[in-house]
Amino acid sequence: MNAMTTYKKNEQCRLCGAKNLNQILKMPACPPVDNYRFASEPEVNHPSFPMDLYMCSNCGHAQLLDVVSPDILFGNYIYTSSSSTDLDKHFKAYAAAVADRLRLGSGSFIVDIGSNDGLFLSKFQALGIKVLGIDPAQTVAEKALASGIPTEISFLNPAIVGKVLAKYGAADLVTANNVFSHSDDLRGFAICAGDLLKNEGVFVFEVSYLQDLVDGKVVDYIYHEHLAHHSVRPLRIFFESIGMKLIDIEKVQTKGGSIRGYAARRESAWPVSNVVAQLEQTEESGGLYRAQTYRIVQDYMDERGKQVVAMLESVATSGGKIASYGASATATVLNYMMELNRFFSFIVDDNPARQCRLSPGFRIPVTSREVLIAERPTLVVISSWRFAREIIAKNQDYLDAGGRFLIPLPELEVVAR
Ligand SMILES: [Zn+2]
């Protein structure tokens with residue numbers, strides 16, 4: 001792959017096409033943040049790419065303009081949805097809620113875009129609903145097929161839409177979970193999703209919610225894969241511009257705060273819920289579209305980073321050993337943002353698929369928790385801070401042996417025995 005196709009910088013808003021975009025959060029430049037590679041693999045020196053957050057001054061959509069090729073971001077894809085038990089529970093409840101709300105039954109047909117290993121669709125299949133997945137990643141799609149989930153191995157484009165309509169017919173429900181945040185061509189994506197629908201069909205998508213990101217002052221979900229950080233106002237305007245309507249929004253507690261959006265064809269009989277206007281009102285009055293809101297978040301993160309670095313420096317100066325817990329994409333972002341990588345001797349992760357790999361950029365070895373007990377570092381930073389309670393509960397023996405955990409967010413906390 002040559003340099004021209006590896007990376008590009010957009011100049012237009014992905015939702016409305018306007019060219020007035022303002023940088024609202026300065027992020028560290030990072031190599032692909034989920035690119036944990038085996039030590040035995042030939043080293044790929046991916047450069048660091050910018051991933052600053054911009055806001056469209058026309059519609060208010062928050063987005064990354066720096067686009068790294070999916071071949072680089074997803075080429076070494078090690079995440080499958082079935083590897084997360086939380087996600088399994090979430091998908092089960094999600095499928096039941098949507099099936100109930102849209103009164104889906106044995107005659108219904110659902111298409112999931114970015115269907116991964118078919119976990120989400122399996123929940124609908126269990127309800128007796130006909131399902132089809134569309135996913136470009138060969139390995140996970142084959143896993144789905146092997147477990148009995150019909151899957152087309154493809155990106156979403158007009159050609160696959162035509163093929164699906166001819167082969168299976170139009171859908172009562174089209175879903176997209178998180179891939180709606182990954183697509184550089186949101187307009188093309190949403191038009192294809194709409195074209196797959198019956199006249200009264202509904203497009204349902206889950207995306208992380210900008211309002212929750214701001215309220216929680218946590219920005220480690222901002223990275224190259226997440227090109228969009230959605231909010232209600234820009235989405236409402238966007239769907240109107242492609243002949244659809246945003247009919248409802250529900251708030252859900254995944255990925256640090258998300259929204260589940262429902263969209264239908266403009267001419268369909270679906271009424272628009274008052275919730276859409278209410279949330280827009282809350283966004284406007286809370287300052288979600290004002291630059292000052294993001295300056296506060298930036299200052300908060302900068303200050304917190306300085307506090308953590310000062311603590312690590314004092315441990316390092318007195319000869320202590322420091323490790324990190326969590327070899328995830330968000331951990332990479334946090335470690336870069338707060339400039340913590342230089343302190344770490346190793347990273348612990350409980351997922352065997354992550355172990356024996358090296359972290360992106362700094363190539364810090366990822367180990368199991370057995371190494372934590374054997375090496376007993378002075379301090380362990382829980383970079384995957386959302387799982388801090390589980391991690392601490394699982395590692396009482398480390399604390400009993402005199403170890404300490406540092407939790408960087410949402411409150412700075414040191415945990416000792
Ligand atoms: Zn815009």
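Atoms considered below: every heavy atom in the structure, side chains included; atoms not considered: hydrogens, waters and symmetry mates. In this chain, numbering begins with 1 at the start of the sequence shown.
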J.: So which heavy atom on Ser345 is nearest to which on Lys321, and how close?
T.: OG-CG, 3.4 Å

J.: Could you verify whether a donor N or O on one side chain and an acceptor N or O on the other, from Arg187 and Ser241, lie under 3.5 Å apart?
T.: yes

J.: Does the pair Gln292 and Arg295 meet the rule for a side chain to side chain donor-acceptor pair (under 3.5 Å), with working shown?
T.: CA-CA 5 Å; Gln292 173 63 14; Arg295 276 198 290 274; 3.1 Å; yes

J.: Over all heavy atoms of both residues, which pair between Pro377 and Leu372 is shortest? Give the atoms and the distance, please.
T.: CD-O, 3.6 Å

J.: Consider only side-chain N and O atoms of Glu283 and Tyr289, and report whether a donor and an acceptor are under 3.5 Å apart.
T.: yes

J.: Under 4.0 Å between a Lys/Arg side-chain N and an Asp/Glu carboxylate O for Arg354 and Asp34?
T.: yes

J.: How would you list, by chain and number, every residue that makes a ring pair (Phe, Tyr, Trp, His ring centres under 6.0 Å) with Phe238, sequence neighbours excluded?
T.: none

J.: Could you give me the CA-CA distance, side-chain angles and deciding distance for Ser359 and Thr332, then say whether side-chain contact (heavy atoms from CB on, under 4.5 Å) is met?
T.: CA-CA 8 Å; Ser359 73; Thr332 303; 5.9 Å; no

J.: Between Tyr209 and Ser231, which heavy-atom pair has the shortest distance, and what is it?
T.: CE1-CA, 3.7 Å

J.: Restricting to non-hydrogen atoms, name the atom on Gly169 and the atom on Phe109 that form the minimum distance, rounded to 0.1 Å.
T.: O-CE2, 3.3 Å

J.: Do NZ/NE/NH1/NH2 and the carboxylate oxygens of Glu200 and Arg103 come within less than 4.0 Å?
T.: no

J.: With sequence neighbours excluded, tell me which residues meet ring pair (Phe, Tyr, Trp, His ring centres under 6.0 Å) with Phe189.
T.: Phe180

J.: About how many Å separate CG of Leu288 and CD of Gln211, when rounded to the nearest 0.5 Å?
T.: 4.5 Å

J.: Give a yes-or-no answer on whether the side chains of Asn10 and Tyr54 include a donor-acceptor pair shorter than 3.5 Å.
T.: no

J.: Main chain of Tyr221, side chain of His226: is a donor-acceptor contact present, judged purely on distance under 3.5 Å?
T.: yes

J.: Would you say the side-chain atoms of Arg304 pair up with the backbone N or O of Met338, donor to acceptor, closer than 3.5 Å?
T.: no

J.: Do Asp350 and Phe387 make a side-chain contact, defined as non-hydrogen atoms from C-beta onward lying under 4.5 Å apart?
T.: no

J.: Keeping the roles fixed (side chain from Arg265, backbone from Gly194), state whether a donor-acceptor pair exists under 3.5 Å.
T.: yes

J.: Say whether, by atom type as modelled, one donor and one acceptor occur between the side chain of Arg14 and the main chain of Leu227 under 3.5 angstrom.
T.: yes

J.: So, Tyr325 versus Asn395: side-chain donor-acceptor pair below 3.5 Å or not?
T.: yes

J.: Go through Met301 and Leu25 one step at a time and tell me if the side-chain contact (heavy atoms from CB on, under 4.5 Å) criterion holds.
T.: CA-CA 11 Å; Met301 291 303 296; Leu25 277 176; over 6 Å; no

J.: Strictly distance-based, threshold 3.5 Å: is any side-chain N or O of Ser115 a donor or acceptor partner for the main-chain N or O of Ile134?
T.: yes

J.: Please tell me whether Tyr94 and Glu250 have a donor and an acceptor in their side chains that are separated by less than 3.5 angstrom.
T.: no

J.: Between atom CG of Leu156 and atom OG of Ser183, what is the distance when rounded to the nearest 0.5 Å?
T.: 8.0 Å

J.: May I have the step-by-step check of side-chain contact (heavy atoms from CB on, under 4.5 Å) for Met51 and Asp66, ending in yes or no?
T.: CA-CA 6 Å; Met51 49 185 209; Asp66 300 280; 5.8 Å; no

J.: Strictly distance-based, threshold 3.5 Å: is any side-chain N or O of Glu152 a donor or acceptor partner for the main-chain N or O of Leu132?
T.: no

J.: Would Lys123 count as a cation-pi partner of Phe91, with NZ or CZ less than 6.0 Å from the six-membered ring centre and within 45° of the ring normal?
T.: no

J.: Using only atom types and a distance under 3.5 Å, with no angle test, would you say the side chain of Asp117 pairs donor to acceptor with the backbone of Ala144?
T.: no

J.: Stepwise, does the side-chain contact (heavy atoms from CB on, under 4.5 Å) test hold for Ile392 with Ile382?
T.: CA-CA 9 Å; Ile392 290 166; Ile382 303 185; 3.9 Å; yes

J.: Just so I know, are the side chains of Tyr336 and Pro31 near enough to count as touching, which here means a heavy-atom distance under 4.5 Å?
T.: yes

J.: Say you draw a straight line from CZ of Phe49 to OG1 of Thr6; how long is it, rounded to the nearest 0.5 Å?
T.: 6.0 Å

J.: Give a yes or no answer on whether the side chain of Asp135 reaches the backbone of Asn116 with a donor-acceptor pair at less than 3.5 Å.
T.: yes

J.: Just by distance, do the side chain of Thr293 and the backbone of Gly287 share a donor-acceptor pair under 3.5 Å?
T.: yes

J.: Over all heavy atoms of both residues, which pair between Tyr223 and Asp220 is shortest? Give the atoms and the distance, please.
T.: CD2-O, 3.5 Å

J.: Using a 3.5 Å distance criterion without hydrogens, assess whether the side chain of Ser328 forms a donor-acceptor pair with backbone atoms of Gly326.
T.: no

J.: OG/Ser273 to CD/Gln278 distance, rounded to the nearest 0.5 angstrom?
T.: 7.0 Å

J.: Nearest 0.5 angstrom please: Ser208 OG to Ile222 CD1, how far?
T.: 9.0 Å

J.: Please give me the minimum heavy-atom distance between Ala190 and Phe239, naming the atom from each residue.
T.: CB-CE2, 4.4 Å

J.: Would you indicate whether Lys245, at its atom NZ, is surrounded by more than 12 heavy atoms from other residues, nucleotides or ligands within a distance under 6.0 Å?
T.: yes

J.: Would you give the length of the straight line joining atom CD1 of Ile391 to atom CZ of Phe405, rounded to the nearest 0.5 angstrom?
T.: 7.5 Å

J.: Output all residues satisfying side chain to side chain donor-acceptor pair (under 3.5 Å) with Asp212, sequence neighbours left out; order by chain, then residue number.
T.: none

J.: Would you mind telling me which of Asn341, Thr330, Asp349, Asn335 makes a side chain to side chain donor-acceptor pair (under 3.5 Å) with Ser383?
T.: Asn335

